[in-house]
Participant: 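The structure's right below; bear with me while I get my questions together.
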Amino acid sequence: IQETKKEAIKRSMCQALWGESEVRWEAQPSSNSVGGILYMGSEKTFMLETKIIGTGFIMLIGKWREEAQTIKIIDIYSPCDIQSKRVLRDSIKQLKNHSPKGLWCILGDFNIRTAAKRFGASQRGLEDNSSREFNEWIAKLEVEEAPWVGRKFTWVRPNGTIRSKLNRFLVSPEWLTKWPGTSQYTLERNFSDHCSLLLRSKCVDWGLKPFRTLDCYLSDKSFKKIVLESWTSNQQRGWRGYVLKEQIKTLKERIRAWNK
């Protein structure tokens, strides 16, 4: 939850919101009723190992118990002024650069109103610059928006005259490789002027996935070298089908890095 406007969080409030008595929570208090972030979760599904709380964000590293996967989550509430936005983005970039690979999910209220994602207002020049900075930041983090399902406006002015996409989930390529059916859903508004978002992965088994490449790769002399190095350096043990699967997985990651 972003923008709690709470300087203190009590267990009873978390239990009421979560709907169960057993709930783990972490919070960044608001300042003068501005901002504030609240994370709630269950130790049965997510075992928290490390937390970092900074100005405008909460970072959580832990184990997703169902699949025994370490995931890194950053929950953000971005300030409105551009200088404070830049300070927050630099902090997030440093955290991401410290451990660039892995299953990353960066979410929250980014307070960015891009011209293409806003309805009912016109500040085109300002929004173009702000949008450009935001997109450059996303590119440097090497994350991308999870595919959207349903409407993409997440904030609505009470009179309905302006709608914007302020909230979103950004995930790493490794996240989408692990959970290729990942999508974000915009839920109905209730007491807030922001819509809740749901990130979920719904995988459909379509059978074996083909290994795809581009013809232009084959004309590049370094491509063959990358393939040979990847294939010969990845010495896996075990059942041959498993070995082949792991070699192809590693090869895909090497090709993706080489293509950048």
Side-chain angles (χ1 to χ4, degrees), residues 1-4 9 14 18 23-29 35-79 85-112 134-148 154 166-185 196-203 246 249-250 252-254 256-257 260:
I1 300 177
Q2 299 88 36
E3 201 176 7
T4 61
I9 302 294
C14 294
W18 189 249
V23 56
R24 172 69 183 265
W25 81 91
E26 302 292 341
Q28 183 209 53
I37 302 172
L38 173 62
Y39 156 80
M40 294 181 291
S42 170
E43 290 281 3
K44 297 176 183 177
T45 55
F46 179 68
M47 183 175 66
L48 180 63
E49 297 172 348
T50 304
K51 68 176 180 181
I52 301 174
I53 299 178
T55 303
F57 72 89
I58 296 177
M59 179 175 178
L60 307 170
I61 303 175
K63 190 82 71 177
W64 184 255
R65 291 181 181 271
E66 184 177 348
E67 300 188 39
Q69 294 289 328
T70 297
I71 60 177
K72 304 162 190 175
I73 302 171
I74 302 182
D75 193 354
I76 289 175
Y77 175 72
S78 178
K85 275 187 171 74
R86 289 168 179 163
V87 171
L88 173 60
R89 290 172 186 172
D90 284 343
S91 299
I92 303 304
K93 187 169 66 173
Q94 290 176 23
L95 291 170
K96 179 68 164 56
N97 290 343
H98 183 70
S99 179
K101 301 300 180 183
L103 304 173
W104 280 89
C105 178
I106 302 173
L107 67 137
D109 182 349
F110 294 88
N111 262 321
I112 179 74
F134 182 64
N135 290 332
E136 289 173 355
W137 176 69
I138 291 176
K140 290 176 181 177
L141 289 180
E142 297 185 338
V143 293
E144 58 188 281
E145 281 193 23
W148 286 81
T154 65
L166 304 181
N167 311 74
R168 67 201 77 202
F169 285 95
L170 305 172
V171 295
S172 62
E174 292 86 355
W175 185 291
L176 293 175
T177 299
K178 178 64 182 176
W179 296 298
T182 298
S183 298
Q184 51 185 318
Y185 298 77
S196 297
L197 295 184
L198 171 66
L199 185 73
R200 65 180 298 186
S201 177
K202 183 178 181 182
C203 293
E246 290 299 307
K249 179 181 176 182
T250 301
K252 289 171 70 175
E253 292 173 353
R254 289 289 300 275
R256 184 183 293 115
K260 290 181 179 179

Participant: On a heavy-atom basis, which atom in Ser172 and which in Gly102 lie closest, and how many Å separate them?
Facilitator: OG-O, 2.9 Å
Participant: CG/Leu141 to CG/Leu170 distance, rounded to the nearest 0.5 angstrom?
Facilitator: 8.0 Å
Participant: Apply side chain to side chain contact (heavy atoms under 4.5 Å, CB included) to Val87 and list each qualifying residue two or more places apart in sequence or on a separate chain.
Facilitator: none
Participant: Run the side chain to side chain contact (heavy atoms under 4.5 Å, CB included) test against Pro79 and tell me which residues pass, sequence neighbours left out.
Facilitator: Asp81, Ser84, Leu88
Participant: How would you list, by chain and number, every residue that makes a ring-ring contact (aromatic ring centres under 6.0 Å, His included) with Trp137, sequence neighbours excluded?
Facilitator: Phe134
Participant: Rounded at 0.5 Å granularity, tell me how far CD1 in Ile73 sits from CD1 in Ile61.
Facilitator: 10.0 Å
Participant: Any idea which heavy atoms bring Gln184 and Phe169 closest together, and the distance?
Facilitator: OE1-N, 3.0 Å
Participant: So which heavy atom on Ile76 is nearest to which on Ser78, and how close?
Facilitator: CG2-N, 3.7 Å
Participant: Could you measure the distance from the CD1 atom of Ile37 to the CD1 atom of Ile9? Nearest 0.5 Å is fine.
Facilitator: 11.0 Å
Participant: Which residues pass the side chain to side chain contact (heavy atoms under 4.5 Å, CB included) test with Asp109, sequence neighbours left out?
Facilitator: Gln2, Glu3, Tyr77, Asn111, Leu166, Asn167, His194
Participant: Which donor-acceptor pairs under 3.5 Å do side chains of residues 42-56 form with protein atoms, sequence neighbours excluded?
Facilitator:
unit_1, atom_1, unit_2, atom_2, d
Ser42, OG, Lys44, N, 3.1
Glu43, OE2, Arg24, NH1, 2.8
Thr45, OG1, Ser42, O, 3.2
Lys51, NZ, Glu26, OE1, 2.8

Participant: My understanding is that only residues two or more places apart in sequence, or in another chain, count here; which of them pass salt bridge (charged side-chain N to carboxylate O under 4.0 Å, His left out) with Arg86?
Facilitator: Glu133
Participant: Just wondering, do Leu103 and Thr70 contact through their side chains at under 4.5 Å, heavy atoms?
Facilitator: no
Participant: Ile71 versus Trp175: any side-chain heavy-atom pair under 4.5 Å?
Facilitator: yes
Participant: Among all residues two or more places apart in sequence or in another chain, which pass the side-chain hydrogen bond (donor to acceptor under 3.5 Å, both in side chains) test with Lys101?
Facilitator: none
Participant: What residues form a side chain to side chain contact (heavy atoms under 4.5 Å, CB included) with Glu253, not counting sequence neighbours?
Facilitator: Lys249, Arg256
Participant: Is there a side-chain contact between Lys96 and Ile74 in this structure, where contact means two heavy atoms from C-beta onward sitting under 4.5 Å apart?
Facilitator: no
Participant: So which heavy atom on Leu95 is nearest to which on Trp104, and how close?
Facilitator: O-CH2, 3.8 Å
Participant: Any side-chain heavy atom of Asp75 within less than 4.5 Å of one from Gln28?
Facilitator: no
Participant: List the atom of Trp179, the atom of Ser201, and the distance in Å for their closest heavy-atom pair.
Facilitator: CB-OG, 3.5 Å
Participant: Give me the atom names and distance for the closest heavy-atom approach of Ala146 to Leu199.
Facilitator: CB-CD1, 3.9 Å
Participant: Which pairs pass salt bridge (Lys or Arg N to Asp or Glu O under 4.0 Å) with one or both residues in residues 52-62, sequence neighbours excluded?
Facilitator: none
Participant: With sequence neighbours excluded, what pairs up with Glu144 under the salt bridge (charged side-chain N to carboxylate O under 4.0 Å, His left out) test?
Facilitator: none
Participant: With Lys85, which residues qualify under side-chain hydrogen bond (donor to acceptor under 3.5 Å, both in side chains), at least two apart?
Facilitator: none
Participant: Distance-only, no hydrogens or angles: does the Trp148 side chain make a donor-acceptor pair with backbone N or O of Arg168 under 3.5 Å?
Facilitator: no
Participant: Considering residues at least two apart in sequence or located in another chain, which fulfil the salt bridge (charged side-chain N to carboxylate O under 4.0 Å, His left out) criterion with Glu67?
Facilitator: Lys178
Participant: Let me confirm one number: the NZ-CD distance from Lys140 to Glu136, rounded to the nearest 0.5 Å.
Facilitator: 6.0 Å
